[in-house]
Structure formats: structure tokens, C-alpha cells
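Working notes for the structure below.
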Number of protein chains: 2
Amino acid sequence: MLNYSVSEENYIKAIFHLQQQDGTVTTNELAGELNTRPASVTDMMKKLKAKKLVHYQPYRGFRLSAEGSKVALGIIRRHRLWEYFLAEKLKFSWDEVHAVAEELEHVSSKKLIEKLDEFLGYPKADPHGDPIPDVNGKIEHYSYQCLASLPANKLVVVSHVSNQSNEILDLLKHKKISIGTKLEIKRRFDFDDSMEIKIGRQPVFTISKQVAENIFVKIN
Amino acid sequence: MLNYSVSEENYIKAIFHLQQQDGTVTTNELAGELNTRPASVTDMMKKLKAKKLVHYQPYRGFRLSAEGSKVALGIIRRHRLWEYFLAEKLKFSWDEVHAVAEELEHVSSKKLIEKLDEFLGYPKADPHGDPIPDVNGKIEHYSYQCLASLPANKLVVVSHVSNQSNEILDLLKHKKISIGTKLEIKRRFDFDDSMEIKIGRQPVFTISKQVAENIFVKIN
DNA sequence: AAATTATTTTAGGCAAAGCTAAAATAATTT
DNA sequence: AAATTATTTTAGCTTTGCCTAAAATAATTT
């Protein structure tokens with residue numbers, strides 16, 4: 001496996017995360033994610049395309065190639081192992097681990113990561129509950145839970161919507177619920193299984209049983 | 001304290017080590033140490049001078065300023081703590097730790113290093129026996145003696161190896177000499193300054209002058 | 001369908017850190 | 001003291017990764 005620059009790795013990782021949601025990633029999206037300019041993204045996409053890490057046609061967006069995904073999973077593996085180390089061994093608090101792991105993940109020694117993994121006892125997930133890919137880049141997929149099945153007072157992240165109809169998407173769009181939205185379940189009503197939900201600091205609103213049954217979440 | 005680039009840090013560290021021996025460091029020496037060209041060294045010296053990290057007059061060599069030394073000791077602290085971590089926790093062999101620590105030392109989080117130090121139990125020296133500077137850059141100096149300078153029939157403890165090259169570490173690993181090893185000097189030969197050494201009840205073996213010059217010991 | 005707006009790419013530059021070749025300075029021989 | 005040799009610096013070029021402004025293309029309105 002070749003070696004990539006810190007910059008290249010950051011682009012690859014960002015594309016990986018963005019394409020989880022969107023399938024294909026746009027120049028502006030990626031520029032936003034990386035706090036850089038669209039022109040810089042175009043430059044880097046040309047480079048990554050030349051290295052066969054992304055599929056890219058001008059003006060048409062891009063996504064990782066198989067090889068690119070493998071590289072991304074390697075970076076994510078390193079990141080999450082370091083996060084686990086920082087939280088578990090060095091007693092960093094949950095919100096501090098990410099920034100430091102962003103630096104550590106670029107240290108490229110393969111042996112370091114294998115030894116670290118062993119030292120940590122082969123953890124399955126990082127402190128945020130995100131699964132840690134194995135040496136071969138295999139990642140356990142999330143077992144999403146149906147929002148309708150959860151009790152009150154849970155903080156969750158929307159991860160999947162199991163219904164592609166215009167009707168539900170229209171409703172979700174109106175309620176400003178999309179993939180990645182953080183929801184807090186405030187109350188459940190036994191009468192009709194409706195739920196009161198809060199997003200950030202916005203006012204509480206209600207969703208019906210039928211809606212909740214189609215939303216799948218990761219518990220935070 | 002400001003932040004420096006990986007390149008700047010590598011120059012600062014190299015100057016620190018070279019000036020231990022020479023007092024003042026020359027362009028060619030530093031270029032040799034860093035596997036770079038004299039012209040590149042001159043460029044960097046101008047930059048480090050502008051940042052008041054070195055004293056430098058064209059053609060007259062250079063040395064670290066007080067501030068430069070403080071920065072150097074910070075880098076050395078990080079390097080040695082990581083070396084200790086790699087050897088002690090991840091069970092790296094001592095000839096492998098240096099290369100990986102070279103990468104880890106540039107991760108700049110202050111909190112990371114303080115937490116790591118605590119986790120490791122505030123070690124005093126790295127796996128090669130080099131003392132670890134404290135948070136304030138204070139470093140303990142031991143008065144070790146060079147093995148090459150000692151007469152026969154001495155019982156000594158290996159405390160420091162003044163050469164991090166793979167070549168010597170490979171040799172020492174093969175001869176089973178590491179920090180803390182008890183050696184008995186059985187004979188010295190004036191012809192080539194080689195020595196016969198015994199470890200415990202193992203058979204006597206010979207080491208060359210070049211090796212003995214890099215081993216520093218405490219007399220038992 | 002044309003016009004307007006938004007997005008993306010191109011063109012041309014900049015800073016960091018390296019390089020080679022030539023010029024300047026210092027050190028050593030003769 | 002002059003000549004030669006060695007060292008160091010300067011000048012100018014390269015690559016990486018970023019930038020701004022202008023041009024090209026796509027998407028949306030009218």
C-alpha cells in the first residue's frame with residue numbers, strides 16, 4: 001500500500017463521510033467540509049483521479065473508487081483506534097478525543113496500528129460508538145434501531161429512512177429531518193404512539209407512529 | 001508557545017543534538033545530519049533566525065538561542081515519551097521505537113503529552129537510557145562513563161547508547177545488550193581496542209572499539 | 001426557450017521546502 | 001602573499017497545496 005500526504009488523506013476521509021449520505025459528492029460540499037475553496041477541491045480531485053482513488057468527471061461530482069475506499073477505511077481505523085486510546089487509557093473526555101485523533105491518524109506506521117490495536121484489546125467501536133474497521137478494512141455495519149421502538153429521553157442520530165415515497169420525504173423535508181440530524185425523544189404517547197421530538201434548540205414538535213416507523217437511528 | 005512546522009522542528013532537534021558535541025554547528029554538518037543540501041540549510045537558518053530560534057551570522061555557523069533550546073527540549077520530551085510508550089506498552093523492540101517516535105513527536109497537542117506522561121507514570125528515561133525532559137524542559141544529566149574508556153575487570157550496567165542507528169541497535173540486539181544489562185569487562189586488547197565482555201553466565205564475546213565507544217555505563 | 005443564477009473549472013499567483021549551478025567567502029597550501 | 005581548495009550563500013527553478021478572479025458549464029427562473 002502506498003503512502004499519501006496529510007492533505008490527500010483528509011480529502012479521502014471527507015469524501016468517504018460525505019458519500020455515506022449522498023452517494024456522490026459535489027465540489028462545494030467538500031470545500032465546505034474541509035474549510036477550503038472549490039478551486040482547491042478541483043485541483044485535488046484531478047490528483048486523486050490520476051492516482052485512481054476517485055471516480056471523477058468534470059462538473060459531475062465524484063466518489064471514491066474501490067481502492068479509495070480501502071484507503072479511507074485505513075484512515076478511519078487509525079482515527080478510531082486513537083480515539084479509543086485517548087478516552088480509555090489517557091482519560092480524555094469524550095469531546096476532546098476527536099481533534100487529537102485527527103493528528104495521530106496520519107502517522108503512517110502499519111506496525112504501530114497493529115500493536116496499538118492489540119494493546120487496546122481489539123476494541124469494536126470508538127468512544128462515540130462508531131465501529132472500528134479491521135486490518136482488512138472490514139467494518140461492522142451499524143444495527144440501526146427503529147425510532148418507533150425507542151423510549152423517551154434518548155438522543156439519536158438519523159441514519160436511514162426506509163421509505164422512498166415523495167410523501168414521507170416531503171414531510172421529513174418540512175420537519176427538517178434528514179440523514180445526520182440529531183434528535184431528542186422528549187415524550188411518547190401511548191394513545192397513538194406519537195412522539196414529541198426536539199432538534200437542537202428548536203421548539204418541540206410531534207411526529208406520528210407512521211413516520212417514526214420509517215426512521216432508523218443510531219443511539220448517540 | 002508558538003507552533004512550528006515538521007521541517008522546522010527537525011532542524012531544531014538536529015541542531016540541538018549536534019551542538020551538544022560541537023558547541024557551534026556548521027551548514028555542512030547539519031546538511032549531513034538531515035540528508036539535505038547545504039543550500040536548503042542556509043534557507044532554513046534564515047527563517048529560524050528571523051524567528052529568533054538560532055543565533056546565526058553568514059559563514060559563521062549557528063547555535064540555538066535560549067528560546068530555540070526550549071523548543072528543542074519540548075520536541076525531545078515528546079520523542080522520548082513516545083519511545084517509552086512504544087517499548088513499554090506496545091512492546092516494540094528498542095531498535096524499532098526511534099523511527100515511529102520521529103513521526104509521533106510532531107503531534108502538537110500539549111494536553112496529549114501531559115496525559116501520556118501521567119499514563120506512563122512519569123518515566124525518567126527512554127528505552128535507550130536517554131533522560132526525558134520535564135514539562136519545563138529541565139533535563140537530568142547523568143555522569144555515565146564510556147565503556148571504551150574503562151579497564152578490564154570492571155562490573156558495569158549499561159545505561160545509555162549514544163547512537164540511534166538501526167545498525168548499532170541491530171548489533172546490540174543480537175549480542176543481547178540493552179539498557180540495564182550487567183556487563184563484565186574481561187579483557188582489553190591494545191591492538192584494536194576491542195574488548196571481551198561477559199553477561200551473567202553466558203560465554204564471553206568480543207565487541208569492537210566502535211561499539212564500545214557508543215555504550216555508556218554506570219560502574220557497579 | 002431565453003435569461004438569470006449557481007456551481008465548477010481554469011488560469012495565474014503565492015508560500016514552504018526542497019533542489020542545482022554559480023558566485024562569494026573562508027581556510028589551507030604552496 | 002598568492003593560489004588553490006573547501007565551504008557557504010545566492011539565484012533561480014520545482015512541487016505541493018492553497019488562493020483569487022475570470023471563464024465555462026449546469027441548473028433554475030421567467
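Quick note on labels: first sequence line is chain A, next is B, and so on, each numbered from 1.
- Looking at every heavy atom in both residues, Asn28(B) comes nearest to Pro38(B) through OD1-CG, 3.4 Å.
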Take Asp134(A) and Arg77(A), measure what salt bridge (charged side-chain N to carboxylate O under 4.0 Å, His left out) needs, and give me the verdict at the end. CA-CA 7 Å; Asp134(A) 74 12; Arg77(A) 171 171 163 79; over 6 Å; no
Enumerate, atom names and distances included, each donor-acceptor pair closer than 3.5 Å involving a side-chain atom of residues 57-76 of chain B, sequence neighbours excluded.
unit_1: Gln57(B); atom_1: OE1; unit_2: Lys49(B); atom_2: NZ; d: 3.3
unit_1: Ser65(B); atom_1: OG; unit_2: Lys52(B); atom_2: O; d: 2.8
unit_1: Ser65(B); atom_1: OG; unit_2: Leu53(B); atom_2: O; d: 3.1
unit_1: Ser65(B); atom_1: OG; unit_2: Glu67(B); atom_2: N; d: 3.4
unit_1: Ser65(B); atom_1: OG; unit_2: Gly68(B); atom_2: N; d: 3.0
unit_1: Ser69(B); atom_1: OG; unit_2: Ser65(B); atom_2: O; d: 3.2

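- Tyr59(B) places its OH atom 4 Å from the C1' atom of dT25(C), with the value rounded to the nearest Å.
- Interatomic distance, Leu104(B) CG to Glu103(A) CD, rounded to the nearest 0.5 Å: 11.0 Å.
- The distance between atom CD of Glu29(A) and atom C1' of dT8(C), rounded to the nearest whole Å, is 13 Å.
- Met44(B) places its CE atom 15 Å from the P atom of dT9(D), with the value rounded to the nearest Å.
- The interatomic distance linking Leu48(B) (CG) with dA16(C) (C1') rounds to 13 Å, in whole Å.
- The distance between atom CG of Leu34(A) and atom C1' of dC19(D), rounded to the nearest whole Å, is 15 Å.
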Could you spell out the base pairing of DNA chain D as a dot-bracket line? Use Watson-Crick and G-U wobble contacts where both distances are under 3.5 Å, [ ] for crossing pairs, | for partners on a different strand. ||||||||||||||||||||||||||||||
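- Exactly one residue among Arg80(B), His160(B), Glu83(B), His98(B) makes a side chain to side chain donor-acceptor pair (under 3.5 Å) with His128(B). That residue is Glu83(B).
- Look at CG on Asn35(A): it is 9 Å from P on dC19(D), rounded to the nearest Å.
- Side-chain nitrogen and oxygen atoms of Ser7(A) include at least one within less than 4.0 Å of the OP1 or OP2 phosphate oxygen of dC18(D).
- OP1 or OP2 of dC19(C) sits under 4.0 Å from a side-chain N or O of Thr36(B).
- Nearest heavy-atom pair, Trp82(B) versus Ala101(B), reported as atom, atom and distance to 0.1 Å: CB-CB, 4.2 Å.
- Side-chain proximity of Lys46(A) to dT10(C), dT25(D), dC19(C): nearest is dT10(C).
- Looking at which nucleotide of DNA chain D each of Pro38(A) and Arg60(A) is closest to, the 5′-most match is held by Pro38(A).
- Residue-level contact check: Thr42(B) touches the bases, meaning some heavy atom is under 4.0 Å from a base atom.
- Comment: Glu184(A) does not engage Lys154(A) in a salt bridge, judged by the lack of any side-chain N to carboxylate O separation of less than 4.0 angstrom.
- Ser40(B) comes within contact range of at least one nucleobase, with a heavy-atom separation under 4.0 Å.
- For Asn28(A), counting side-chain heavy atoms from C-beta on, the closest listed nucleotide (dC18(D), dT7(C), dT8(D)) is dT7(C).
- Residue Tyr11(B) contributes atom OH, which lies 14 Å from atom P of dA16(C) at whole-angstrom precision.
- In this structure, Phe92(A) has its ring center at least 6.0 angstrom away from the ring center of Tyr84(A).
- Phosphate proximity of dT9(C) to Thr27(A): present, with a side-chain N or O under 4.0 Å from OP1 or OP2.
- A salt bridge links Lys13(B) with Glu102(B): the closest approach of a Lys/Arg side-chain nitrogen to an acidic carboxylate oxygen falls below 4.0 angstrom.
- Ring orientation note: the planes of Phe119(B) and Phe119(A) are nearly perpendicular, at an angle over 60° on the 30°/60° scale.
- Contacts of Pro58(B) with the nucleic acid, taken as non-hydrogen atoms under 4.0 Å apart, involve only primed sugar atoms and P, OP1 or OP2.
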Between N or O atoms, less than 3.5 Å apart, protein on one side and nucleotides 11-15 of chain D on the other: list the pairs.
none

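- Phe62(B) comes within contact range of no nucleotide atom at all, as no heavy-atom separation falls under 4.0 Å.
- Following rounding to the nearest Å, Tyr56(B) (OH) and dT25(C) (C1') show an atom-to-atom distance of 12 Å.
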